[in-house]
**Student:** 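Quick one: structure below, then a few questions.
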Amino acid sequence: MSSSAEKGEGGPFRLIVLASGNGSNLQAIIDDLHGRDGIEVVGVGSDKPDAFALERAQSAGIPTEVFPIEDHPNRSARDDAMADWTKGLEADLIVLAGYMALLTPGFIERFRNRVINVHPSLLPSFPGLDAIGQAIDAGVRVTGVTVHFVDEGTDTGPVILQRPVEVAPGMGRDELEEAIHAVEHALLPEAIGMIATGRVRIADEDPNRVIIDQ
Ligand code: GAR
């Protein structure tokens with residue numbers, strides 16, 4: 001089974017990015033991919049009206065939309081609205097780039113194997129909030145970055161790419177965070193590029209395994 005997200009004949013490969021905060025990963029996507037090799041970021045969505053990611057998108061001329069939970073009766077209604085917006089933009093792939101709200105099962109179901117996430121650890125180690133702090137507290141020598149398909153769990157779903165980051169002796173949190181961000185900014189665009197060119201698929205015999213065609 002091929003991932004259903006791949007560039008069709010003719011039209012561009014259409015990305016939606018969801019982000020809750022600073023948006024440095026969104027910036028890496030804009031700088032590396034947007035408007036190149038048939039890839040377009042067609043929308044940036046956020047649950048946080050004050051997310052700096054929205055300003056980054058606007059500076060790049062990318063339409064934005066905000067879905068604060070306060071504007072909806074519940075999470076499910078909010079995610080339905082976000083799914084309708086995504087559908088309307090005919091997104092091929094939805095990228096969670098520091099999107100910190102858990103998507104509802106209804107949203108995941110509508111875009112099965114078309115939602116990916118970047119997470120600052122080597123999953124399944126340190127899922128959830130503050131993965132970098134969790135790694136420091138655990139005293140690990142190596143942590144890293146994972147890009148994975150999103151399923152109904154918290155930072156679960158088939159792994160697409162992982163890259164290690166060494167925790168050098170005496171390394172502080174800021175230094176580790178900087179090293180992890182640098183790896184994210186390379187790994188996430190790399191994974192998106194591979195999906196856009198149809199090189200990423202879920203194994204027929206094992207829905208938890210991703211196969212990357214060279
Ligand atoms: C990134 O480190 C990303 O991996 C993390 O949030 C940060 C967002 O940074 N995401 C998660 O922890 C998701 N579980 P950014 O807003 O500068 O891209």
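Read the numbers this way: they start at 1 and go in the same order the structure lists the ligands and their atoms.
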**Student:** Starting from atom 13 (C) of ligand 1, find the nearest protein heavy-atom neighbour and note its residue, name and distance.
**Tutor:**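 Protein heavy atom at minimum distance: His119 ND1, 3.7 Å.
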**Student:** Out of Gly21, Ala19, Ser24, whose heavy atom is nearest to atom 15 (P) of ligand 1?
**Tutor:**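 Minimum heavy-atom distance to atom 15 (P) of ligand 1 goes to Ser24.
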**Student:** Determine whether a donor-acceptor pair (N or O, by modelled atom type, separation under 3.5 Å) exists between the side chain of Ser46 and the backbone of Ala19.
**Tutor:**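 Yes, because the side chain of Ser46 sits within donor-acceptor range (under 3.5 Å) of the backbone of Ala19.
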**Student:** Could you name the option among Glu177, His185, His181, Glu184 that has the heavy atom nearest to atom 4 (O) of ligand 1?
**Tutor:** Glu184
**Student:** Considering non-hydrogen atoms of the protein only, which is the closest contact for atom 12 (O) of ligand 1, and what is the distance?
**Tutor:**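 Here the closest protein heavy atom is Pro120 CD, 3.4 Å.
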**Student:** Is there a side-chain contact between His185 and Asn25 (heavy atoms, below 4.5 Å)?
**Tutor:**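 SC-SC contact between His185 and Asn25 confirmed.
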**Student:** Counting heavy atoms only, name the option from Pro127, Gly98, Gly23 that's nearest to atom 8 (C) of ligand 1.
**Tutor:** Gly98
**Student:** Considering the heavy atoms of Asp155, write down every atom of ligand 1 situated less than 4.0 Å from one of them.
**Tutor:** 14 (N)
**Student:** With a heavy-atom distance limit of 4.0 Å, tell me whether Val145 approaches ligand 1 through its side chain, its backbone, both, or neither.
**Tutor:** neither
**Student:** Is any NZ, NE, NH1 or NH2 atom of the basic residue among Arg110 and Asp84 found under 4.0 Å from an Asp or Glu carboxylate oxygen of the other?
**Tutor:**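 Salt bridge between Arg110 and Asp84, a charged N being under 4.0 Å from a carboxylate O: yes.
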**Student:** Looking only at protein heavy atoms, which one is nearest to atom 10 (N) of ligand 1, and what is the separation?
**Tutor:**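 Answer, as residue, atom name and distance: Val118 O, 3.6 Å.
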**Student:** Check the orientation of Phe111 and Phe107. Use parallel for under 30°, tilted for 30 to 60°, and perpendicular for over 60°.
**Tutor:**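 Because their plane-to-plane angle lies in the 30° to 60° range, the rings of Phe111 and Phe107 count as tilted.
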**Student:** Salt bridge between Glu109 and Arg112, side-chain N to carboxylate O under 4.0 Å?
**Tutor:** yes
**Student:** Does Met100 come within less than 4.0 angstrom of ligand 1, counting non-hydrogen atoms of the residue?
**Tutor:** yes
**Student:** For a 4.5 angstrom cut-off between non-hydrogen side-chain atoms, does Leu103 reach Leu96?
**Tutor:**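 Heavy-atom side-chain distance check passes, below 4.5 Å.
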**Student:** Would you call Asp31 and Arg56 a salt bridge, taking side-chain N to carboxylate O under 4.0 Å as the test?
**Tutor:** no
